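Worksheet for the structure shown next.
Sequential numbering from 1 along the given sequence is applied to the chain's residues. Everything numeric in this text was worked out from a predicted model, so none of it was measured.
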Amino acid sequence: MSSPAGPVRRSTRSGAAASSPIAESPVPSNPLADDGPKSSPAAQHVPAAKSSSGSRKPSGSPSAVLLLAVLLISGGIMYNQWSQQQAAAAEAAVAEAAAGERGAAVASTQHRSALEQEAAVEQEAPAEEDEPPPPPMTAEEVAVFELAAGEHYGSPPGFQLPDFQEEVDVSSEEEEQAEQHDQEEAEQQATEADPGEHQEEHQGEGERAQRVLSSNADEEAAAAAAATFDPEAHRQYLELPPWPEADEQALTGSWHFTEQVYDYAASLPMTQVLSWDNPRLVLLPSFLSPQEVGHMIRVSKDNLERSEVLVADGEDQQSDIRTSFGFWPESDPVVDAITERLHRTIGVPQAFGEGLYVLNYQVDQKYEAHNDHCMDALDNKVAEPACLDFLKRAGGPECGPGKGGPTCGDRVATFILYLKSPTRGGKTAFPEADITRDAMGDEHRSGNAPDEWYCHDDRVLAASPPAGTGVLFWDYRPSNGTGAGSFQDGSAQPNAHSVYEAMHSGCPVTEGEKYIATRWIRASGFDYHLLNQD
């Protein structure tokens, strides 16, 4: 039996390629180039020779010579005129090309001059003075900053937690408040902490310091929870109607543990029943959001201490039976919202619950088979001293109204929140469950056997759900007892019957690590009687 709680406290980069700033100069055409071969004007004016059948003069006659001379002279004149025209056109083309080159050169000179003027202006302008760099941090400031970052995040400064807001849009106001709370807490710790003391603390704690400072369990767990998170199922938990607050009479033992209460969580559409009786075991998928999973680990992982068990002399002591580490988180908006939702889901007043206790199991760490309630047998049973003190925290060991109510102060239910599941091992096994016994038959062995056989047999009723899942099992079920007597003298006749088959074990983790948060629930106000005694 675990010890009871203390008092609650994401470019596209688009862009066209830049155009070249260099202007292209016009290229002049070749002034001697022609579009194709052309005949000379002289050739164009030579008439074709005529043939005649008549008589003709001898070829050497003076008139023929004279005619030939006239033709040659005329052709020469015309050719000379054509050549002059071609030369004039070529000179004009060369002149035009030269003018274009001069214009481009002028433009280029002007552009270069403008650039030189701009550079001169920039050189003449006074240079802006750079702000002086901040002074380096002192060793003391570095130590304080690292302390705050380590205790608050458990990761290097500047690490940003995964953002699931696009996937989950629930409890945003509560989560913002929790983040503000975390920031304020870290600032206060950074202000008050002594770096020397912090260093000595972690050096002295050895294993605990290594466990805490090397783990990013909160980010890993939140990511794992997001992979299986069902927003619709989660919303149904948030929309459940609230239960009336417990009045004075309910707080002092007059609350009725009815079949309707016992069946309520199992009847909800988003829950799954793994076992209907002995024990009643209910799975609650997506009970926590990924943010809540991460938050619960983040506020606890730097504060984990070795878990203890309640021993015969009434003291809490460390034991090989239970080798986990744990922490009771203080009240904050996220913790409070989870707690209120939990009680709204099971139908038991919130004041009946102990604080949420976060547990961490590393490799080989475990909690052997045990019951969370104190009294396993009811007939003429006298409570041991350690159990008597345990019962007194909820009005026991006396039963009934004005006392410890239907369970005489004992735990009536256990609610486990799975925050981080290990890679292997670490399941919650029920070795004495009816389902286990029926499956094993004559091969069944006692759940108290020291070899932890129930962690290696697939026939055993067990739960090993993903992060964000809740698991509820009842340690008592309603009965027809008179609700009178006391466990102190063996006369107790509670009107609820303890469920021995609710014995369970946190099996050893064989790979990875496991985080859960547990809330144990009584049947009357927890610590109410002790805080309100006359």
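Under the 3.5 Å distance criterion, the side-chain polar atoms of His343 are matched with a main-chain donor or acceptor of Val348. Under the 3.5 Å distance criterion, the side-chain polar atoms of Thr469 are left unmatched by any main-chain donor or acceptor of Ser286. Judged purely by atom type and a 3.5 angstrom limit, Ser300 has no side-chain atom pairing as donor or acceptor with the backbone of Ile297. Distance alone, capped at 3.5 Å, places no donor-acceptor pair between the Ser254 side chain and the Ala250 backbone. Judged purely by atom type and a 3.5 angstrom limit, Ser524 has no side-chain atom pairing as donor or acceptor with the backbone of Gly253.
The shortest side-chain heavy-atom distance between Met296 and Leu356 falls under the 4.5 Å cut-off. Residues Arg477 and Glu259 are not in side-chain contact: their nearest non-hydrogen atoms beyond the backbone lie 4.5 Å or more apart. At least one side-chain heavy atom of Leu240 sits less than 4.5 Å from a side-chain heavy atom of Met270. Contact annotation: the side chain of Gln350 approaches that of Thr339 to within less than 4.5 Å [non-hydrogen atoms, C-beta and beyond]. Side-chain contact check for Ile516 versus Thr428: every heavy-atom pair is 4.5 Å or farther apart. Residues Ile346 and Tyr264 fail the side-chain proximity criterion, which asks for heavy atoms closer than 4.5 Å. The closest side-chain heavy-atom distance from Tyr361 to Glu513 is not below 4.5 Å. Between Lys514 and Asn360, the closest side-chain pair of non-hydrogen atoms is not below 4.5 Å.
Contact record, Thr228 with Pro466: OG1-CB, 3.8 Å, taken as the closest heavy-atom pair. Contact record, Gly512 with Pro422: C-CB, 4.4 Å, taken as the closest heavy-atom pair. Taking both residues in full, the closest heavy atoms of Met440 and Trp453 are given as SD-CZ3, 3.3 Å, listed atom of the first, atom of the second, then distance. The nearest pair of heavy atoms linking Ala369 to Pro431 is CB-CG, 4.2 Å. The shortest non-hydrogen separation linking Ala463 to Val471 is CB-CG2, 4.4 Å. Of all the heavy atoms in Ala492 and Cys408, the pair that sits closest is CB-SG, 4.4 Å.
For the residue pair Ser505 / Glu368, no side-chain donor-acceptor distance below 3.5 Å is found, with atom types taken as modelled. Between the side chains of Ser421 and Tyr515, no donor-acceptor pair is found at a separation under 3.5 Å. Under the 3.5 Å distance criterion, with hydrogens and angles disregarded, no donor-acceptor pair is assigned to the side chains of Glu305 and Asn303. Looking at Arg459 and His444, their side chains never bring a donor and an acceptor atom within 3.5 Å of each other. Ser498 and Asp376 form no side-chain donor-acceptor contact under 3.5 Å, judged by distance and modelled atom types alone. No hydrogens or angles considered: a donor-acceptor pair under 3.5 Å links the side chains of Asp372 and Thr414. Side-chain contact of His295 with Asp332: a donor-acceptor pair under 3.5 Å is present, judged by distance alone.
To the nearest 0.5 Å, atoms NZ (Lys381) and SG (Cys374) are separated by 9.0 Å. How far CD1 of Ile521 is from CG of Leu472: 7.0 Å, rounded to the nearest 0.5 Å. Here the CG atom belonging to Leu461 is positioned 12.0 Å from the CD atom belonging to Glu432, to the nearest 0.5 angstrom. Rounded to the nearest 0.5 angstrom, Thr518 OG1 and Tyr367 OH are separated by 10.0 Å. In this structure, OG1 on Thr407 lies 10.5 Å from NE2 on His373, to the nearest 0.5 angstrom. Note that the NZ atom of Lys403 and the CG atom of Leu391 stand 13.5 Å from one another [nearest 0.5 Å].
Side-chain rings of Phe257 and Tyr476 stay apart, their centers remaining 6.0 Å or farther from each other.
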For a side chain to side chain contact (heavy atoms under 4.5 Å, CB included) check, start with the C-alpha distance between Leu342 and Arg519, then their side-chain angles and the critical distance, and finish with the verdict. CA-CA 9 Å; Leu342 184 156; Arg519 186 170 178 88; 4.1 Å; yes
Stepwise salt bridge (charged side-chain N to carboxylate O under 4.0 Å, His left out) test for Asp475 and Arg411: CA-CA 7 Å; Asp475 301 303; Arg411 289 171 173 166; over 6 Å; no
Step-by-step side chain to side chain contact (heavy atoms under 4.5 Å, CB included) determination, Asp230 to His234: CA-CA 6 Å; Asp230 183 353; His234 185 74; over 6 Å; no
Criterion side chain to side chain contact (heavy atoms under 4.5 Å, CB included) on Glu292 and Leu419, from CA distance to verdict: CA-CA 9 Å; Glu292 291 170 332; Leu419 305 177; over 6 Å; no
Going through the checks in order, is the side chain to side chain contact (heavy atoms under 4.5 Å, CB included) test met by Cys387 and Phe487? CA-CA 9 Å; Cys387 184; Phe487 279 127; over 6 Å; no
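Note on Asp410 versus Arg522: no salt bridge recorded, every NZ/NE/NH1/NH2 to OD/OE distance being 4.0 Å or above.
Summarising the local packing, NE2 of His456 is surrounded by more than 12 heavy atoms from other residues, nucleotides or ligands at distances under 6.0 Å. Residue-environment remark: CG (Asp451) exceeds the threshold of 12 foreign heavy atoms within 6.0 Å. More than 12 heavy atoms of other residues, nucleotides or ligands shown are found within 6.0 angstrom of CD on Glu340. Environment of CD in Glu239: crowded, with over 12 heavy atoms of neighbouring residues, nucleotides or ligands closer than 6.0 Å.
Relative to the ring axis of Tyr237, Arg344 does not place its NZ or CZ within 45° and under 6.0 Å from the centre. A cation-pi arrangement is not found for Arg280 relative to Trp474, the charged atom failing to lie both closer than 6.0 Å to the ring centre and inside a 45° cone about the ring normal.
By the salt bridge (Lys or Arg N to Asp or Glu O under 4.0 Å) test, Asp434 pairs with no residue at all, sequence neighbours left out.
The ring-ring contact (aromatic ring centres under 6.0 Å, His included) test with Phe415 singles out one residue from Phe473, Phe287, Phe352, Tyr357, and that residue is Phe287.
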